[in-house]
A.B. asks: 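I am attaching a structure below and will ask some questions about it afterwards.
Proteins get letters first, then strands, A, B, ... in listed order; numbering begins at 1 in each. All values below come from the heavy atoms of this structure, side chains included, with hydrogens, waters and symmetry mates left out. Just so you know, these numbers come straight off a predicted model, no measurement behind them.
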4 protein chains.
Amino acid sequence: MKKKKVPSLVKDERLIKTRREQIVKAAVELFNRKGYHGTTTREVAQASGFSIGTLYEYIGSKEDILYLVCDAVYDEVVEKWERLVDKNLVGLERLHQVIQSYFRVVDDLQDEVLVMYQESKALSGEALNYVLQKELSMKVMFEKEIRSCIEKGLITIDEEEISLACHNILVAGHMWTFRRWIIQKEYDIEAYCDLQIAQLFRGFQIKDHSFQPARSNINSEGR
Amino acid sequence: MKKKKVPSLVKDERLIKTRREQIVKAAVELFNRKGYHGTTTREVAQASGFSIGTLYEYIGSKEDILYLVCDAVYDEVVEKWERLVDKNLVGLERLHQVIQSYFRVVDDLQDEVLVMYQESKALSGEALNYVLQKELSMKVMFEKEIRSCIEKGLITIDEEEISLACHNILVAGHMWTFRRWIIQKEYDIEAYCDLQIAQLFRGFQIKDHSFQPARSNINSEGR
Amino acid sequence: MKKKKVPSLVKDERLIKTRREQIVKAAVELFNRKGYHGTTTREVAQASGFSIGTLYEYIGSKEDILYLVCDAVYDEVVEKWERLVDKNLVGLERLHQVIQSYFRVVDDLQDEVLVMYQESKALSGEALNYVLQKELSMKVMFEKEIRSCIEKGLITIDEEEISLACHNILVAGHMWTFRRWIIQKEYDIEAYCDLQIAQLFRGFQIKDHSFQPARSNINSEGR
Amino acid sequence: MKKKKVPSLVKDERLIKTRREQIVKAAVELFNRKGYHGTTTREVAQASGFSIGTLYEYIGSKEDILYLVCDAVYDEVVEKWERLVDKNLVGLERLHQVIQSYFRVVDDLQDEVLVMYQESKALSGEALNYVLQKELSMKVMFEKEIRSCIEKGLITIDEEEISLACHNILVAGHMWTFRRWIIQKEYDIEAYCDLQIAQLFRGFQIKDHSFQPARSNINSEGR
DNA sequence: TATGAATGAGGTTTCATTCAT
DNA sequence: AATGAATGAAACCTCATTCAT
């Protein structure tokens, strides 16, 4: 899956990177508040700290901004996630931690994930495809973890249910953002983590009934 | 929760109803295909079978169209749902059937639900509020069913998990539409129903281990 | 050679005709004064007597304006030309009058012809092609007249020179407009007519040396 | 007629000359292909082999590029023309050769002449004036030749027709470029030369009926 | 002298909404 | 009650030009 090439009139790759980071940051905030369609390119430029002309030195069209946002958010999610997962854990504890970390990252990057989630459908053609593929690749990560547990005989779950379970995990993460108007009134992220994972694990039919996932203890680092 | 009043220059209430039904039908198709922002009022008028001038005799603004759509879809979902639920069932079988019926209705009204789901965020103020309240009222329906089962001692689930479980059911329905690009490639609606319900029920920790929900047998009635 | 279809959002064909006439009239004046590229669509709208929005109800793009101009000008040229030619004349007198009438029409529609002549190259694809074809069809008209004289043994001119002579006549007409900055200082239209035709006829090697074309006596009928 | 001064930030006159030659060469190609208005200064800079910043070290505005082009083309046309004219010829043969050489040069510098011809109207004020004067000076060259022949009693042509004949010669040259879409399909440059000159000469009413201009034998030198 | 990132005025086009018929 | 032509604010995007390095 190749990245879509976003055209730039500027040659300095380093500068492109910096400026695009500014753009993405500004766009996330604006798209969150006013939606992609409700945000003008001028606003993005201004919020990015430069003129409309300069904005268009780094993108080819408004849609490119959305694409840059989605691309950056996915990368950031995956990156933070991988940093959070303890490589030493194995078995159910690992599975537990993988899911928990995912929820944490989503909580951490709430605005970003929400934007990506709600606006990505405005992308077209190649860009949309790329984003959907990335989405899919995340599902596959969960699939690997679950299959690993199945192989070790730790959980029992029908083959045909595996994929569905992964969708459920993924969507449980998104839910935390797109239903935050109600769900974050009812739960904090720790409770949400514990309860969702508890329900998921019961769905997995864990054989070792002594397994007790440690309660979450999230020290949300910064942001 | 009072309905938002959509202004009309026409007196005849009967006519208003008819025309708005035409509008909603046309809008659902268009919003699905091109999104709310990608659809023009002209297109809605044309697809509705009348002129742009006439359209504005029955609505006050473009947003009203979206509101009418959301309102109508919720009503239709609830109505079809209630018609599908067998009033004679009780206990786990009833819970099972309530969820199953919900999934069926969502499948039946796929385009409508997807539009409502993806575009309702474009609503503002009063209208948005109304739609969110309606959404909430659906969650409450599930809650009632679950509490009823708990009271009867049929399922065990922590008080704090109840609400979350209901969100999960609701979102599992939406998922069928907003992830249809991938999930409907992997499952048909029957399999999706059975597997999602199986996972949910395991999450409910059903005491009566002999309970075996009948496999779905959906005879999709028209549409 | 089919006309290019210029899109309009308005249904009333009569109105389309009227409005487009207004547009063409305004555009000719503006394009003459400031050139096609130097004229904004806003200016065209304003000079046409309506808003920019209304302008775009009658055209699809700025280029359409230029196309409408070229199309209208050609039609008007041909129409006026045909009206001017005396159907009763024959032989050299007819040829003489055909050319003279052409020059007169060009003089009469000076601004229009100049615009068409100088700006048509800004057209693209289908539209450009159509205009070039129309141009060609005018050359063919002269060709017919000349061949008719040749057949009657009135003039002697090599076969291979015929087409060239027609180009020369056509361009002699255009010249009157695109070199008007100098040529109209030196000659008035009557003198220009007479002298150009004299030179052309000498080029035709007329056999009947008694032929004396009557001096021009142009009573320019308004405009 | 003084040249318009094109400002430059660079002192070294030698360098200015070199760079401007690069600019003109690049601009001719671009203006031909995309027109003056359709070409950006960036493109000119790039095609010239340097940056946009450098371009503006050697010109004051985009219009200056067009002016430089027109100026250079006229100079080149005149220079090549003079080189081609055989100083030893006299009388009708000289006149013939002067015209023939002019056509040859136009053919040789087709792209350049076309650009100058089609785009010079975009010049303004002083620059436009200068170009028109240069144009005029070419007409005067022909005039001198013709008057010389008249004085020698070689051709008969009314005083008032002289100027017109010169315009016709000049335009016959331009025609070869601006009608090339059709005329170069019908004739090659040799035939065009011969036939146009034949027609012109007949228009001149040559007295010495034994004069037979040698058929063209153009050995197109390079390009 | 050369570079190229930055600027912002201004261009074309769209579209929700109005109102005379 | 129905029509659809008219409106104009505002959107996206371009590009000639400048200036710090």
Side-chain angles (χ1 to χ4, degrees), chain A residues 8-12 15-16 19 37-46 49-65, chain B residues 8-12 15-16 19 37-46 49-65, chain C residues 8-12 15-16 19 37-46 49-65, chain D residues 8-12 15-16 19 37-46 49-65:
Chain A
S8 171
L9 298 173
V10 172
K11 296 178 177 176
D12 184 344
L15 194 53
I16 293 179
R19 289 279 180 267
H37 292 285
T39 303
T40 69
T41 51
R42 271 188 153 78
E43 287 171 318
V44 174
Q46 186 161 36
F50 32 74
S51 72
I52 181 69
T54 301
L55 177 66
Y56 275 89
E57 297 263 306
Y58 296 94
I59 57 162
S61 70
K62 187 184 179 189
E63 208 188 294
D64 284 343
I65 302 174
Chain B
S8 171
L9 299 173
V10 174
K11 306 280 151 96
D12 184 347
L15 194 52
I16 293 180
R19 290 277 181 267
H37 292 285
T39 302
T40 68
T41 51
R42 262 180 156 98
E43 287 171 317
V44 174
Q46 182 163 38
F50 34 75
S51 72
I52 182 70
T54 303
L55 178 66
Y56 273 86
E57 300 268 312
Y58 296 95
I59 57 162
S61 72
K62 187 184 179 188
E63 207 188 294
D64 284 344
I65 301 173
Chain C
S8 170
L9 298 174
V10 172
K11 296 177 178 177
D12 184 345
L15 194 54
I16 293 179
R19 290 276 180 269
H37 292 286
T39 303
T40 69
T41 52
R42 272 185 154 82
E43 287 170 319
V44 174
Q46 186 161 34
F50 32 72
S51 71
I52 181 68
T54 301
L55 177 66
Y56 274 89
E57 297 263 307
Y58 296 94
I59 56 161
S61 70
K62 188 185 179 188
E63 207 188 296
D64 284 343
I65 301 174
Chain D
S8 171
L9 300 174
V10 174
K11 307 278 152 105
D12 183 347
L15 194 52
I16 292 180
R19 290 277 182 266
H37 292 286
T39 302
T40 68
T41 50
R42 263 182 156 96
E43 287 171 317
V44 175
Q46 184 163 38
F50 35 73
S51 71
I52 180 68
T54 302
L55 178 66
Y56 273 86
E57 300 270 311
Y58 296 94
I59 57 162
S61 71
K62 188 186 179 187
E63 208 187 294
D64 285 344
I65 301 174

A.B. asks: Quick one: is F/dT7 close enough that its OP1 or OP2 comes under 4.0 Å of any side-chain N or O from C/T54?
C.D. replies: yes
A.B. asks: About how many Å separate CD1 of A/I16 and NZ of A/K11, when rounded to the nearest 0.5 Å?
C.D. replies: 11.0 Å
A.B. asks: State, yes or no, whether a side-chain contact exists between D/I65 and D/T39 at a heavy-atom distance under 4.5 Å.
C.D. replies: no
A.B. asks: Is C/S51 near enough to F/dT7 that one of its side-chain N or O atoms lies under 4.0 angstrom from OP1 or OP2?
C.D. replies: yes
A.B. asks: Tell me the interatomic distance from B/Q46, atom CD, to F/dG4, atom P, rounded to whole angstroms.
C.D. replies: 11 Å
A.B. asks: How many whole angstroms separate atom NE2 of C/H37 from atom P of F/dA16?
C.D. replies: 12 Å
A.B. asks: Can you tell me how far P of F/dA16 sits from CD1 of D/I65, to the nearest Å?
C.D. replies: 8 Å
A.B. asks: Out of curiosity, B/T41 OG1 to B/D64 CG, how far, rounded to the nearest 0.5 Å?
C.D. replies: 12.0 Å
A.B. asks: Any base atoms under 4.0 Å from B/T40, or only sugar-phosphate, or nothing? Heavy atoms, all strands.
C.D. replies: sugar-phosphate
A.B. asks: Please find the earliest and latest nucleotides of DNA chain E, in the 5' to 3' direction, that have an atom within less than 4.0 Å of any heavy atom of chain A.
C.D. replies: E/dG4 to E/dG10
A.B. asks: Which base sits across from E/dT21 as a Watson-Crick or G-U pair, both distances under 3.5 Å?
C.D. replies: F/dA2
A.B. asks: Heavy-atom nearest nucleotide on DNA chain E for D/L55 versus B/Y56: which residue maps closer to 5'?
C.D. replies: D/L55
A.B. asks: Measure from the side chain of C/I52, starting at C-beta and using heavy atoms only, and say which of F/dA1, F/dA2, F/dA9 lies closest.
C.D. replies: F/dA9
A.B. asks: With a 3.5 Å distance limit and no angle check, can you tell me whether C/S8 reaches the backbone of C/E57 through a side-chain donor-acceptor pair?
C.D. replies: yes
A.B. asks: Select base, sugar-phosphate, or nothing to describe what D/T39 touches, counting heavy atoms under 4.0 Å on all strands.
C.D. replies: sugar-phosphate
A.B. asks: With a 4.5 Å cut-off on side-chain heavy atoms, are B/R19 and B/V10 touching?
C.D. replies: no
A.B. asks: Rounded off to whole Å, could you give me the CD-to-P distance for the A/E43 and F/dA10 pair?
C.D. replies: 12 Å
A.B. asks: In whole Å, what is the span from the NZ atom of A/K62 to the C1' atom of F/dC13?
C.D. replies: 12 Å
A.B. asks: Minimum heavy-atom separation for C/L9 and B/R42, please, with both atom names.
C.D. replies: CD1-NH2, 3.9 Å
A.B. asks: Set out, in order, the CA-CA distance, both residues' side-chain angles and the distance that settles side chain to side chain contact (heavy atoms under 4.5 Å, CB included) for A/L15 and A/Y58, then state yes or no.
C.D. replies: CA-CA 9 Å; A/L15 194 53; A/Y58 296 94; 3.5 Å; yes
A.B. asks: Want to settle it: does B/L15 or C/K11 sit nearer the 5' end of DNA chain F, counting the closest nucleotide to each?
C.D. replies: B/L15
A.B. asks: Taking a pair as Watson-Crick or G-U wobble with both distances under 3.5 Å, which nucleotide is matched to E/dT13?
C.D. replies: F/dA10
A.B. asks: Rounding to an integer number of Å, can you tell me how far A/R42 CZ sits from F/dA9 P?
C.D. replies: 15 Å
